[in-house]
Number of protein chains: 2
Amino acid sequence: MGTPSTLRTESSACCRIELTDTVEDYLKAIFAITSLGEPASTSGVAARLSVTPPSVTAMLHRMRDSGLVATTTWGHVLLTEHGAVHARSVVRRHRLLETFLHRVLGVSWDEVHEEAEVLEHHLSTRLENLIDAALGFPDRDPHGDPIPSVRGKHEEHGETPLAQSGPGDIFLVQRVYDTDSIALRHLAELDIRPGVSIEVERRPSDLAPMWVRVGGERCSLSCAVVNLIHGRIESSAAAS
Amino acid sequence: MGTPSTLRTESSACCRIELTDTVEDYLKAIFAITSLGEPASTSGVAARLSVTPPSVTAMLHRMRDSGLVATTTWGHVLLTEHGAVHARSVVRRHRLLETFLHRVLGVSWDEVHEEAEVLEHHLSTRLENLIDAALGFPDRDPHGDPIPSVRGKHEEHGETPLAQSGPGDIFLVQRVYDTDSIALRHLAELDIRPGVSIEVERRPSDLAPMWVRVGGERCSLSCAVVNLIHGRIESSAAAS
DNA sequence: AGCCGACATTAGGGCGGTCTAAATCTCCGG
DNA sequence: CCGGAGATTTAGACCGCCCTAATGTCGGCT
Ligand SMILES: [Mn+2]
Ligand SMILES: [Mn+2]
Ligand SMILES: [Mn+2]
Ligand SMILES: [Mn+2]
């Protein structure tokens, strides 16, 4: 497109760079990587966005020049406060859209993500606020991902992975990562979603899947699926 | 953006050109101009899209190469059937979105257009169909513009201009062009909208506005506003 | 210490889309 | 019939974003 078409008035005064869709995607990628702890590497961003490292280098230069990121040592990069504000704004729009599409239009759990991935770049502040109000100012999207508020602190990762629970534990699912559409559809069939409690029967090993009990039904969860599930251990069998 | 991000499966088999936002805007502009009768001129398209004529020339070449338009004599251009199909698809998304945003989110009459102008390029077929169904398959948007159906004939201009009515006529408003946001807000205050009947008192002249009676209230309509209003003359005083 | 592999960057090019300035064409009026 | 006004097109450039190929730079291993 070139110039961003959606008016966004709260653009924090100065802003040398245009907040194109592409820049927003880079911001979001860096936000996701760095929210896990370490700074983001060029190749890490490249892999997440499916572009080549040279493209990332060029873009990071432009983003550094406009104060969105700060490069530390060798292709390691962090968001500035300015960049983090915009990144959270994109994430907020993404998750509000997922919630809206799911609740109002009935888009299924595993399909909302790809829709929101496109629309997040084109939602005006006006529509963002209208959607927020229509939904009753939600703080979680359908996958349990926290929705950043317009202003104020945002904690991205507060849950513990299901993989850390042991046999006999009661685990309250609070969040399921939405990156794997097939896994989401599978989990929906198993009735595993935020708010549901599951009982751990056997931990996953390198070869064998995890076994859990949910709603009276025993089922197995592959390692890939287990890693998507996060929440809280309600009662631990290992406490004794 | 470059590559169009929204999947659109019914892409009619072959299609050398990418249907970017920009191409969709050109298609829509040519559709609007040519639906009034004559072919579109380079400068006409340029003016409507706020770009320079050389940009239009370059784009029309690419669109001709991919079979979306057919150039006739000197910068005069028509949509091919292939191009018209895509143009109607964009218009359909635009008007469905306007209807949806108005009815579901309460976006006001004069604001829906600019929102739809952006989102029309990013609505997947899935969401298009869900919105269509949620609205009960509407055939008119909030301004009375006809919504093209997925398949089948579409008639863009069936109404007669208010300017053609004379004193004493009862005029049923069926459509108000949505290009002028200020005029729309003004008409909303006057309760003039599709479905409303107004009584013509005096035709507009070069100097004087039109005078009409709507819901018991007398009011004047500037020439610019009058030209936006289209509909049907219900009872004509000139019949005698 | 020295080498090598992994990673990041530069160099150079392409494509889509825009612009300005200059050249060209059409068509109408004198 | 010819010239000029207006419209269109070409020429040349820029920017955003992407790529491949080549070059640099680091840390770890022998
Ligand atoms: Mn998502
Ligand atoms: Mn989510
Ligand atoms: Mn409109
Ligand atoms: Mn409309």
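Numbers restart at 1 for each chain; the letters A, B, ... are given by sequence-line order, proteins then strands. Only a predicted model underlies this, so the values are computations on that prediction, with no experimental measurement involved.
Side-chain nitrogen and oxygen atoms of R62(B) include none within less than 4.0 Å of the OP1 or OP2 phosphate oxygen of dC15(C). Within the 4.0 Å cut-off from OP1 or OP2 of dG16(D), not a single side-chain nitrogen or oxygen of T20(A) is found. Checking the phosphate oxygens (OP1, OP2) of dG16(D), no side-chain nitrogen or oxygen of T22(A) falls inside 4.0 Å. Phosphate contact (OP1/OP2 of dC18(D), side-chain N/O of Y26(A), threshold under 4.0 Å): present. Phosphate contact (OP1/OP2 of dC17(D), side-chain N/O of S55(A), threshold under 4.0 Å): absent.
Scanning residues 42-49 of chain B for heavy-atom distances under 4.0 Å to DNA chain D yields T42(B), S43(B).
Taking the ring-ring contact (aromatic ring centres under 6.0 Å, His included) definition, one finds that Y177(B) meets it with H230(B), sequence neighbours left out. In terms of the salt bridge (charged side-chain N to carboxylate O under 4.0 Å, His left out) criterion, residue partners of R140(A) (sequence neighbours excluded) are, by chain and number, E159(A).
In terms of position along DNA chain D, the nucleotide closest to T57(B) lies nearer the 5' end than the nucleotide closest to the other residue of the pair T57(B) and S50(A).
Counting heavy atoms of neighbouring residues, nucleotides and ligands inside a 6.0 Å radius, atom CG of L36(A) exceeds 12 of them.
Heavy atoms of H76(B) sit nowhere under 4.0 angstrom from any nucleic acid atom.
In this structure, H94(B) has its ring center under 6.0 Å from that of H113(B).
Of all non-hydrogen atoms in L123(A) and R93(A), the two that sit nearest each other are O-CD, 3.8 Å.
Comparing dA11(D), dT9(C), dC25(C) by their closest approach to the side chain of P54(B) singles out dA11(D). Distances were taken from every side-chain heavy atom of V51(B) (C-beta onward) to each of dT18(C), dT10(C), dT20(C); the shortest belongs to dT18(C). Of all nucleotides listed (dT10(D), dT8(D), dT25(D)), dT8(D) comes nearest to the side chain of W74(B).
Whole-Å rounding puts the D21(A) CG to dC18(D) P distance at 11 Å.
Applying the salt bridge (Lys or Arg N to Asp or Glu O under 4.0 Å) test to residues at least two apart or on different chains, the pairs with a partner in residues 96-110 of chain B are D110(B)-R185(B). Listed by first and then second residue, the salt bridge (Lys or Arg N to Asp or Glu O under 4.0 Å) pairs involving residues 38-49 of chain B amount to none (not counting sequence neighbours).
Helix-axis bend for the helix from dA1(C)-dT30(D) to dG30(C)-dC1(D): the local axis fitted to the five terminal pairs at one end deviates from that at the other end by 30°, rounded to 10°.
Of the residues E155(A), E81(A), E24(A), the one that meets the salt bridge (charged side-chain N to carboxylate O under 4.0 Å, His left out) test with R88(A) is E81(A).
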